[in-house]
Amino acid sequence: MDPTLEPLARSLREAPVVDRDGYEYFVHGVTDGVPPVEPAVLQAVADGITARIDLESVDKLVAPEAMGIHHGTALSLASDIPMAVVRKRSYGFPDEVAVHQETSYGESELYLNGVDAGDRVVLVDDVLSSGGTIEAVCDALEAAEAELVDIVVVLRRVDADHESVSRDVTSLLDVRVRDGAVEVLE
Ligand SMILES: O=P(O)(O)OC[C@H]1O[C@H](OP(=O)(O)OP(=O)(O)O)[C@H](O)[C@@H]1O
Ligand SMILES: Nc1ncnc2[nH]cnc12
C-alpha cells in the first residue's frame, strides 16, 4: 500500500459500521466528516489523487455534495483547478442539468451548474458503492457536453454491486465490510 495512505487505512479499520435499512454503512471522516477528518488525511487524499491522475489541462473538478466537497476542495487547493459542486438543490438556471441519483440506501435529484460545453473535467467523490451517484453525475456531464477526463474516489467498496458502472474509476483504497468492520484491501 502507498505508505502515505497507511494512517487513513488504520483509521478506516476502526470506523463504526451502522445499519442503514439493511445496508452496512461505515462512519468515517472521509465519508461523513464524522469523526472530524484530519488535515493529514485531506493532504494524503490530494497527494494520492495528484499522483494517480493527470490534471494537466483539466478545466474543472466536479464534486457531488455533500461528501465529495472536502476531497474536491483539498484537490482544488493542491492543483489550483476550480471546483463545481453538484447540488441536491435546484437554482433554476437556464443551463442547469437535473438528473436522478440512486444510491444503495437512498435517492435524490442532483443539479449540475457551472460546467460548460467542452470543459475538461475530473469527477471526485468520497466513495463508490452502487455507482448510482457517479452514473448520475456522468449523465449530467454528458448532457452539459463536458469532456470527462477521469473519475476518482477516495474509497471503492468492493463488496457493493457496481457492475452497472460503465466507466473506469480510480480509487485510492479499496475496502469492504466484513464481520461489522471495514477491511482495507492491500
Ligand atoms: O455509489 P453510490 O451507491 O451512489 O454511493 C456513493 C454516494 O453515496 C454518498 O452520497 P449521499 O448521496 O448518501 O450523500 P452525502 O454525500 O450527502 O452523504 C457518497 O457521498 C457518494 O456520493
Ligand atoms: N459512509 C458510507 N459508508 C459505507 N458505504 C457508503 N456508501 C456511501 N456512503 C457510505
Side-chain angles (χ1 to χ4, degrees), residues 5 8-38 41-42 45-46 48-49 60-76 83-90 97-113 115 121-142 148 150-185:
L5 296 173
L8 171 57
R10 269 197 299 280
S11 62
L12 279 163
R13 293 184 191 106
E14 290 165 8
V17 176
V18 299
D19 180 87
R20 270 186 100 161
D21 298 328
Y23 178 75
E24 291 183 301
Y25 181 102
F26 49 82
V27 184
H28 185 274
V30 160
T31 51
D32 296 270
V34 177
V37 61
E38 295 295 334
V41 166
L42 292 175
V45 166
I49 295 175
K60 284 168 194 162
L61 307 174
V62 171
E65 84 161 269
M67 300 314 298
I69 297 176
H70 50 306
H71 306 298
T73 303
L75 186 58
S76 178
M83 173 185 62
V85 176
V86 182
R87 299 298 317 269
K88 292 178 179 166
R89 163 185 304 165
S90 169
V97 179
V99 286
H100 187 70
Q101 168 214 33
E102 281 183 29
T103 70
S104 306
Y105 50 82
E107 55 187 302
S108 176
E109 299 309 309
L110 298 180
Y111 301 92
L112 176 71
N113 284 285
V115 172
V121 306
V122 168
L123 169 53
V124 185
D125 206 359
D126 59 335
V127 60
L128 169 69
S129 182
S130 72
T133 304
I134 278 173
E135 279 299 299
V137 176
C138 287
D139 288 349
L141 290 168
E142 202 175 308
L148 182 58
D150 251 308
I151 304 170
V152 61
V153 294
V154 182
L155 307 174
R156 179 201 327 262
R157 281 197 69 153
V158 296
D159 53 353
D161 175 13
H162 41 245
E163 292 293 307
S164 61
V165 182
S166 51
R167 288 126 175 133
D168 286 343
V169 178
T170 300
S171 61
L172 300 190
L173 290 176
D174 287 346
V175 300
R176 65 185 171 201
V177 175
R178 280 280 187 285
D179 301 325
V182 178
E183 272 183 14
V184 181
L185 281 73

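For clarity, every value in this text was computed on a predicted model and none was experimentally measured. Whatever order the structure lists them in is the order used to number ligands and atoms, beginning at 1. Count residues from 1 along the sequence.
Atom 18 (O) of ligand 1 has as its closest protein heavy atom Met67 CG, 3.7 Å. Atom 10 (C) of ligand 2 has Tyr25 CE1, 3.4 Å as its closest protein atom, hydrogens excluded (heavy atom only). In this structure, the protein non-hydrogen atom closest to atom 4 (O) of ligand 1 is Thr133 OG1, 2.6 Å. Protein heavy atom closest to atom 8 (C) of ligand 2, with residue, atom name and distance, is Tyr105 OH, 3.3 Å. For atom 5 (O) of ligand 1, the nearest non-hydrogen atom of the protein is Ser129 CB, 3.8 Å. Scanning the protein heavy atoms around atom 6 (C) of ligand 2, the nearest turns out to be Tyr23 OH, 3.2 Å. Closest to atom 22 (O) of ligand 1, if we only count protein heavy atoms, is Asp125 OD2, 2.6 Å. Scanning the protein for heavy atoms near atom 9 (C) of ligand 1, the closest one is Tyr105 OH, 3.3 Å.
Each of the atoms 1 (O), 2 (P), 3 (O), 4 (O) of ligand 1 lies under 4.0 Å from some heavy atom of Ser130. Residue Ala66 approaches ligand 1 through these ligand atoms, each under 4.0 Å from one of its heavy atoms: 15 (P), 16 (O), 17 (O). Of all the atoms in ligand 1, the ones that sit under 4.0 Å from a non-hydrogen atom of Gln101 are 12 (O). Atoms of ligand 1 found under 4.0 Å from any heavy atom of Thr103 (numbered from 1 in listed order, with element): 3 (O), 4 (O), 8 (O), 12 (O). Near Asp126, the atoms of ligand 1 lying under 4.0 angstrom from a non-hydrogen atom of the residue are 19 (C), 20 (O), 21 (C), 22 (O). Remark: ligand 2 atoms within the under-4.0 Å shell around heavy atoms of Thr31 are 1 (N). Interface atoms of ligand 1 facing Ser104, defined by a heavy-atom separation under 4.0 Å, are 3 (O). Each of the following atoms of ligand 2 lies closer than 4.0 Å to a heavy atom of Phe26: 1 (N), 2 (C), 3 (N), 4 (C).
Residue Gln101 comes nearest to Thr133 through the heavy atom pair NE2-OG1, 2.8 Å, listed as atom of the first residue, atom of the second, then distance. Heavy atoms only, all atoms of each residue included: Val124 and His71 are closest at CG1-CB, 4.1 Å. Taking all atoms of both residues into account, the shortest heavy-atom contact from Tyr25 to Thr31 is OH-O, 4.2 Å. Here the closest heavy-atom approach between residue Lys88 and residue Leu110 is recorded as CG-CD2, 3.8 Å.
Between the NE2 atom in His28 and the OG atom in Ser11 there is a gap of 3.0 Å [rounded to 0.5 Å]. Asp126 contributes atom CG, which lies 7.5 Å from atom CG of Asp32 (distance to the nearest 0.5 angstrom). Once rounded to the nearest 0.5 Å, the distance linking CZ of Arg156 with CG of Leu173 reads 10.5 Å. Of the inter-residue distances, the one linking Leu155 atom CG with Leu172 atom CG reads 7.5 Å to the nearest 0.5 angstrom. Atom CG of Leu61 is separated from atom CG of Leu75 by 5.0 Å, given to the nearest 0.5 angstrom.
In this structure, Gly68 does not count as a contact residue of ligand 1, since none of its heavy atoms falls inside 4.0 Å of the ligand. Not a single heavy atom of Gly106 sits under 4.0 Å from any atom of ligand 1.
A donor-acceptor pair under 3.5 Å links the side-chain atoms of His70 to the main chain of Val30, judged by distance alone. A donor-acceptor pair under 3.5 Å links the side-chain atoms of Thr73 to the main chain of Ile69, judged by distance alone. Between the side chain of Glu24 and the main chain of Val17, no donor-acceptor pair closer than 3.5 Å is present. Distance alone, capped at 3.5 Å, is enough to place a donor-acceptor pair between the Asp159 side chain and the Val177 backbone.
A donor-acceptor contact closer than 3.5 angstrom links the side chains of Ser129 and Tyr23.
Checked by distance only, ligand 2 and Val127 stay at 3.5 Å or farther apart across all their nitrogen or oxygen atoms. Checked by distance only, ligand 1 and Leu128 stay at 3.5 Å or farther apart across all their nitrogen or oxygen atoms. Considering backbone and side-chain N/O atoms, Asp32 comes within less than 3.5 Å of an N/O atom of ligand 2. Polar contact check, Glu24 against ligand 2: no nitrogen or oxygen pair lies under 3.5 Å apart.
Taking all heavy atoms of His71, Glu65, Lys88 into account, the minimum distance to atom 14 (O) of ligand 1 is reached by Lys88. When the heavy atoms of Val154, Leu155, Val127 are ranked by distance to atom 6 (C) of ligand 1, first place goes to Val127.
Residue Arg157 touches ligand 2 through its side chain alone, judged by heavy-atom distances below 4.0 Å.
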Residues Glu142, Arg167; criterion salt bridge (charged side-chain N to carboxylate O under 4.0 Å, His left out); working and verdict: CA-CA 13 Å; Glu142 202 175 308; Arg167 288 126 175 133; 3.5 Å; yes
